[in-house]
Structure formats: C-alpha cells, structure tokens
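These values consider heavy atoms only, across backbone and side chains, with no hydrogens, waters or symmetry-generated copies.
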Amino acid sequence: MRYAETGFDLEIDLSRGSIERVATDPKLTALYLGGQGTAAKILWDRVPPEIDPLDPENLLIFSTGLLHSTPVPGANRTSVDTFSPQTGRYSHSLFGGFFGPEMKYAGYDKFIFRGKADDLVYLWINNDKVEIRDATHLRGKGAQETALILKEEVGDDNAQVASIGLAGENRVYMASIEHANSSASRGVGVIMGDKRIKAIVVRGTKDVYIAQPTELAEISIPMYKEMYDNKDCGDSMAHGEGDEFHVDNFAWGNARTRRNQFFTKEMEEEWISLEDKLRMRWTGCHNCPKDCHQAINYPGRMPYFQKCYSKLTYAMGSFGDLDFDYNIIGITQEYGMDAYSTPQTIAFAIELYEAGILTDKDLPDFPGADGETVEGYNINTSRFFYLVEKIARREGIGDVLANGIYAAARQIGNGAEEYDHNTIKKFEQVPIKLGYVNYPYFLMYATGEKMNITQIEGSYPQAPIVDKKEREEFVKNWDAAPERFKKWFMEWEPRTNVSLEAAVHICDWNEAMHYIDDAIGTCAFLSSFRGQFGGRPPYHIYNMPDFITRASGIELDSDELWEVARRNRNLVRALNIRRGLRRADERPPEDHWQKREPENEQKLLDMYYEFKGWNNDGIPTRETLDKLGLNYVSKDFIQRGILE
C-alpha cells in the first residue's frame with residue numbers, strides 16, 4: 001500500500017484524445033518526494049532539449065505535494081511544471097487553494113498533459129470518471145466566470161477548477177492559470193492555452209492512506225494551533241503589513257523610480273478604509289488556519305480574490321493608487337495575467353512611447369498628453385487599461401508585448417533594448433532597485449532556476465538587527481536555523497555585507513527549503529519564505545522529517561531531507577543546462593544595485609559553484625551528479641559533450 005500518495009498519475013494525450021491511469025514507481029518518491037521533484041524527473045525523461053516549448057511534445061504537469069490531503073496543516077501548494085516559450089527553459093509555478101488536495105482525493109498525484117487539442121476543451125475528473133469535453137462555448141470567457149459556469153455544468157459546487165482567461169487562449173507569455181484564491185504564473189498559462197485546455201475540473205471523494213495516522217495527528221493538531229497563534233507566519237502582507245516598505249522601497253513605473261518616504265499616515269488610513277469598503281471576507285487555503293486572501297467586490301467587476309503582491313503592482317507600475325489597482329485587477333485576473341510581469345511590461349511600453357521609440361502609429365488612440373485624466377485616473381493608469389486589452393488580445397503592438405519585455409525590446413529595436421533593465425534570464429523580476437549589492441541576494445538572483453526571487457529567498461533575514469540584545473533574543477528563539485547561521489547572524493552588523501562564505505551557505509539554505517516545500521506541497525508562507533520575518537516558521541529542516549515519515553512511511557532525518565533538496569535542485573539545474581544555460585547568463589540587471597562589486601560578485605559565483613559541486617561554467621560535475629543518484633544526467637551530459 002502507498003501512503004500519503006495515491007501511486008497513480010493521470011496521463012492525457014490531447015492530440016489523440018486518450019486518457020490513461022498510470023501506476024508510478026515508489027522508488028522515485030523516495031528519491032524526489034513528489035511535487036516539483038518528480039515532475040522534473042518526468043520532464044527530463046520525456047522532453048529533450050530539441051523539443052520547442054510550443055511543440056505538442058512539451059508536457060504540462062500539475063503535481064500534488066507528498067503531504068497534500070494528509071492531516072498536515074498548510075500542505076496545499078500545487079506545482080505546475082513545463083518549459084517556457086519566453087525563456088526556452090524550465091518553468092515552475094505554484095498555487096495554493098484547494099486544487100492539489102482535490103486531485104489526490106480523486107486518486108491522482110499528477111495530471112500530465114501532452115499534445116494539443118483541435119479546439120478548446122476542458123477536463124472533467126470525478127474520481128475514476130475522466131472526460132475530455134468540448135469548451136468552445138467558453139471561448140473568451142474570464143477565468144473565474146469559466147469556473148462558475150463549469151461548476152454548474154458538472155452539477156457540483158464542491159468541484160475545484162483551474163482555468164485560463166483570454167490571455168491564455170491567445171498564448172500571451174505572461175498568462176496565468178487561475179484557481180479560486182490562488183493562481184499559477186511564471187510562464188505556465190501560455191502552455192495551457194497552447195494545448196487548448198480552457199479548464200480542468202476535479203472532484204474527489206477517495207481516502208488517502210497514512211502510514212502512522214495516530215502519530216501524525218499527534219503532531220498535526222498542535223501544529224494547526226501553533227500556526228493560528230503565530231503572527232510570524234502566513235502572508236501578513238495581505239493584511240497591510242509591509243505596505244509602507246513596498247511603497248517606499250520598491251521601484252515605481254518600469255522598475256526605475258524609487259519614492260522614498262512617499263507613504264504617509266493619511267495614505268494608510270485611506271487604504272484601510274477602501275479595503276474595508278471593498279472586502280467581502282477573508283479566506284484561506286485547504287487545511288490552513290491563516291486567512292491570507294481577501295475576496296474583493298469592486299463596483300462593475302466580477303468579485304475576485306486579491307492575491308499576494310498584486311495589491312500594489314499595478315498601482316506602482318502606473319504611478320496610480322490603490323483604488324486603480326483593485327479596479328484593474330478585476331480585469332486582469334479574469335483575463336488571466338501575471339500581476340508581476342504584466343504591469344512591468346505595460347510600464348515598459350509607456351516609457352518607449354514617451355521616448356519616441358513607440359509612436360501613435362504603434363498605439364492608435366493611445367490616451368493623450370501627460371496630465372490628462374480618463375475615468376478619474378492619471379494618464380498612465382488610462383494607458384494601462386488600453387494596453388491590457390492590446391496584450392490580452394494580441395492586437396497590434398500588444399502582439400509584440402505579449403512575448404515579454406526581453407523579446408519585445410529586441411523585436412521593437414531602435415534603442416528599446418536599453419529599457420529592458422529588470423529581466424534576468426529573459427524573465428521580469430520583482431521591481432526593486434537598491435543601493436548596495438547584497439551578497440546572498442546577488443547569488444539568488446544570478447543562479448536561481450525558479451524565475452522569481454520570492455521562490456528562492458526566505459529562511460535567512462534580509463537585514464541585520466541593530467540592537468545586540470534583540471539580536472541575541474532572535475537567535476535564542478531561532479529553532480529553524482542550523483548553528484552556523486546563528487553565528488553569522490550574530491556577527492552581522494548594519495550597513496555591512498555578510499562574508500562571502502556565509503553568503504554561499506545562506507543562498508544554499510534559502511533555496512533548499514523552497515525545494516523541500518515544492519516537493520511536499522507545504523506553503524512557503526509557513527516555511528521557506530517566512531523565516532526571514534521573525535525567524536519562527538512553523539516548518540523547518542528539523543521538524544519536517546517527522547511529518548514526512550509519519551505521513552508516508554519514508555524514513556529520513558534532516559540531513560537526508562537536505563540531500564533530497566540538493567538532488568532536486570541539481571536535476572532542475574540540469575534541465576536548464578541541457579537547454580543552454582551557462583555562467584554568462586547568471587547576471588542580475590546592471591542597475592539592480594547602484595553600487596556593485598564586480599570582483600567579489602565573480603568570486604561569489606566561483607565559491608558557490610565550487611560549494612555546489614559544479615564546474616566553472618556552472619555545470620554540475622559528473623562526481624556531483626553520480627553522488628546524488630543522478631547518473632542518468634551525467635551520462636546524458638557526456639553523450640552531448642556538455643561534460644567530458
């Protein structure tokens with residue numbers, strides 16, 4: 001009997017119209033745990049680098065985490081993995097809510113899609129009953145609208161739906177996959193649209209077996225209460241914490257302008273009043289006591305869930321206000337558009353227009369001169385409404401912008417490349433520009449495989465604590481941290497960098513915790529992302545093995561769990577290496593920090609590569625791969641001439 005997992009994947013070939021329930025190998029679970037880890041193994045085996053991301057042979061994989069649908073609280077993040085046409089490389093996204101647990105209750109650990117349907121379809125999975133159904137009647141429908149229609153169509157309000165909007169249908173590279181209070185972005189929605197999957201509807205009522213049910217309940221029930229009481233976990237930013245920091249420190253417009261001390265007490269009061277007026281309720285995800293999402297009812301828009309940092313991205317990209325942000329999210333989430341990439345791409349286009357690189361010919365009827373107001377907003381916000389429509393429909397210049405800033409800048413030319421200053425490895429990053437280079441963050445930005453810093457940072461604090469007594473108290477209660485990190489934090493003084501050695505280890509720890517979360521399905525706000533704020537994440541490297549063992553029967557300790565993270569990290573690295581990633585690609589934007597240290601930055605890369613067991617070009621060595629049980633990767637690299 002398989003514990004914690006079902007032992008079956010659902011394979012759907014859209015070109016042939018075939019559906020197959022496939023038994024999986026428990027040995028792979030022991031090696032990679034599940035989620036992103038086992039998805040990466042499938043992509044390695046079945047999608048060679050010669051396959052273009054928009055080829056029918058590319059796969060789109062929805063994965064449950066190992067701990068989904070168990071009593072373990074906060075295990076609800078679904079992993080979506082594929083190859084992105086924007087970067088040509090591996091794309092990984094996560095979304096919370098209820099979808100992954102429902103997949104497992106239906107009897108499946110993964111949904112694996114290959115091929116392309118002739119026209120729009122949706123999948124209806126009701127335990128063992130699986131159908132590919134016509135979805136042409138949903139063409140042009142919004143993502144949330146689609147979910148409501150399909151729940152009524154299948155006759156079950158408890159069904160869980162993941163769907164795309166207009167942007168996904170039109171293969172916009174920044175298209176997202178929308179589900180209830182969560183969404184998957186970072187290059188996966190375009191593949192769902194390319195395969196002509198409008199939605200996946202799943203309902204499950206099966207049992208999930210637990211290896212040690214009583215023993216697991218004994219630690220899961222107290223953990224649920226601990227999470228509820230712990231102010232240092234969950235997405236507290238959704239409740240307004242961090243608004244001042246983001247407004248004053250993150251970059252406005254095309255990730256260019258910092259407005260220090262812009263946030264005021266009056267602004268805070270206005271924002272609280274507006275949110276109280278628009279909010280229908282607070283809500284959370286499957287089996288989690290935190291309420292990290294608010295349901296918003298903006299006049300004239302379909303009710304929606306405000307998700308993560310989308311609260312500010314459109315306001316700051318347009319130099320607008322919070323009211324505008326909530327207004328335009330009502331459109332962009334229905335269209336299914338990434339709230340990080342979309343506002344940056346629009347701000348980039350506006351800069352090109354103001355510089356004369358884009359003209360009235362490119363943007364017919366573009367809202368007029370600076371200072372003009374339309375619909376009560378400033379001119380840039382009016383231009384945002386205009387460009388959202390162009391991009392989502394791939395009309396005119398929107399067809400170019402829909403490919404992301406990196407590709408659009410090179411297609412437009414005429415100096416547009418100079419305005420592409422916030423992409424790394426061809427993908428838009430969090431809009432933040434700071435004064436001095438931060439060593440661990442340099443490494444995370446440069447070497448990360450997950451397309452966004454929020455999927456890498458989190459276990460180690462972003463800044464030192466000034467007061468030494470407070471610092472000592474922080475370290476005293478820092479149960480999540482291995483001893484070496486406590487020592488380095490005690491030595492870290494304000495306005496200084498940690499040592500190069502410490503930076504390498506911090507980067508490794510931060511990314512390891514995310515790779516663990518993404519394999520077992522735990523939410524980063526309860527683990528890998530929240531350690532940097534308060535130092536008290538409910539889950540950490542020392543208590544996670546106990547939850548895994550009691551749920552799945554897989555015996556492992558913290559060292560062995562870290563080894564799984566290294567294995568998964570190197571496998572994901574190998575996917576990108578096989579598609580051409582090399583050291584020359586590992587460079588944050590030139591203006592990411594005002595003051596850089598080129599010599600130390602290269603030393604950091606040298607030291608990090610050596611620590612990871614990679615060669616000077618960032619390629620895992622044969623010895624490293626073989627030690628991690630990735631012999632099949634080293635063999636492939638040798639055959640391709642990547643390694644000698």
Side-chain angles (χ1 to χ4, degrees), residues 74 222-223 225-250 258 260-265 268 289-290 292 309 430 432 434-444 453-454 456-514 523-544 558 593 595:
M223 176 59 82
K225 185 178 186 305
E226 178 187 331
M227 289 177 181
Y228 181 84
D229 294 334
N230 186 346
K231 66 179 179 61
D232 292 322
C233 73
D235 186 4
S236 58
M237 291 178 284
H239 288 263
E241 181 184 323
D243 283 351
E244 180 177 0
F245 173 80
H246 290 123
V247 167
D248 287 349
N249 291 282
F250 277 44
R258 190 172 171 185
N260 194 24
Q261 298 184 332
F262 181 79
F263 196 80
T264 64
K265 184 65 177 177
E268 181 181 27
K290 311 304 286 190
C292 301
Y309 186 59
V430 172
I432 186 167
L434 299 174
Y436 296 89
V437 64
N438 177 300
Y439 291 167
Y441 272 79
F442 168 82
L443 282 175
M444 289 186 286
I453 191 66
T454 58
I456 308 169
E457 66 178 341
S459 290
Y460 197 86
Q462 296 183 11
I465 296 174
V466 177
D467 185 271
K468 287 195 174 182
K469 288 186 178 180
E470 291 181 14
R471 199 185 309 172
E472 289 173 358
E473 188 66 20
F474 179 93
V475 167
K476 179 182 176 182
N477 297 312
W478 201 8
D479 296 335
E483 288 301 317
R484 59 188 180 278
F485 297 102
K486 297 178 182 180
K487 173 181 178 295
W488 286 322
F489 192 71
M490 284 302 303
E491 296 170 350
W492 191 17
E493 296 295 336
R495 296 183 179 84
T496 66
N497 250 312
V498 297
S499 68
L500 300 183
E501 178 192 15
V504 168
H505 284 261
I506 290 166
C507 179
D508 179 67
W509 181 31
N510 281 345
E511 66 186 19
M513 294 309 301
H514 278 278
C523 174
F525 283 111
L526 305 172
S527 175
S528 55
F529 185 77
R530 284 302 299 187
Q532 62 187 322
F533 305 115
R536 295 175 57 234
Y539 294 121
H540 48 75
I541 193 69
Y542 297 115
N543 67 6
M544 280 178 160
S558 58
W593 298 281
K595 295 189 177 181

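- Partners of Pro482 under the side-chain contact (heavy atoms from CB on, under 4.5 Å) rule, at least two apart in sequence or in another chain, are Arg484, Phe485, Trp509, Tyr542, Trp562.
- Annotation: side chain of Tyr439 is not in contact with side chain of Phe442 (no heavy-atom distance under 4.5 Å).
- Legend: residues meeting salt bridge (charged side-chain N to carboxylate O under 4.0 Å, His left out) with Asp232, ordered by chain and number and at least two apart, are Arg536.
- Considering every non-hydrogen atom in both Asn249 and Arg258, the closest pair reads OD1-NH2, 2.5 Å.
- Here the closest non-hydrogen pair linking Ile456 and His514 is O-CD2, 3.1 Å.
- Smallest separation of non-hydrogen atoms from Trp478 and Ser459: CZ2-O, 3.8 Å.
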Please walk me through it: do Lys290 and Cys523 pass side chain to side chain contact (heavy atoms under 4.5 Å, CB included)? CA-CA 11 Å; Lys290 311 304 286 190; Cys523 174; over 6 Å; no
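- Glu457 meets the salt bridge (charged side-chain N to carboxylate O under 4.0 Å, His left out) test with no other residue; sequence neighbours excluded.
- In summary, the aromatic rings of Trp488 and Tyr460 are positioned with their centroids too far apart to meet the 6.0 Å limit.
- Side-chain atoms of Asn477 do not come within 3.5 Å of backbone N or O of Gly535 as any donor-acceptor pair.
- Note that NZ of Lys486 and CZ of Phe489 are 12.5 Å apart. Values are rounded to the nearest 0.5 Å.
- Taking the side chain as every heavy atom from C-beta outward, Arg495 and Tyr436 never approach each other to under 4.5 Å.
- We find that Lys487 and Glu491 are joined by a salt bridge, their nearest charged nitrogen and carboxylate oxygen being less than 4.0 Å apart.
- With contacts defined as side-chain heavy-atom distances shorter than 4.5 Å, the pair Met227/Tyr539 qualifies.
- Across Val504 and Leu443, no two heavy atoms sit closer than the pair CA-CD1, 3.8 Å.
- Side-chain contact between Lys468 and Glu493 is present, with at least one heavy-atom pair separated by less than 4.5 Å.
- For the pair Pro440/Asn510, no side-chain contact is recorded, criterion being any heavy-atom separation below 4.5 Å from C-beta on.
- Nearest heavy atom pair, residue Met513 against residue Ile541, reads CE-N, 3.7 Å.
- Distance check, rounded to the nearest 0.5 Å: CZ of Phe474 to CG of Asp467 gives 13.5 Å.
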What's the verdict on side chain to side chain contact (heavy atoms under 4.5 Å, CB included) for Asn230 and Arg530, showing C-alpha distance, side-chain angles and the deciding distance? CA-CA 11 Å; Asn230 186 346; Arg530 284 302 299 187; over 6 Å; no
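- Nearest heavy atoms, Asp248 versus Phe262: OD1-N, 2.9 Å.
- Met490 is listed as a side-chain neighbour of Arg471, based on a closest heavy-atom distance under 4.5 Å.
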Start with the C-alpha distance between Phe533 and Gln462, add both sets of side-chain angles, then the distance that settles side chain to side chain contact (heavy atoms under 4.5 Å, CB included), and finish with yes or no. CA-CA 8 Å; Phe533 305 115; Gln462 296 183 11; 3.9 Å; yes
Residues Glu268, Asp243; criterion side chain to side chain contact (heavy atoms under 4.5 Å, CB included); working and verdict: CA-CA 8 Å; Glu268 181 181 27; Asp243 283 351; over 6 Å; no
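- Residues Lys469 and Glu472 are not paired through a salt bridge, judged by the lack of any N-O separation under 4.0 Å between the basic side chain and the carboxylate.
- Using a 30° and 60° split on the angle between ring planes, Phe245 and Phe250 fall in the perpendicular class, above 60°.
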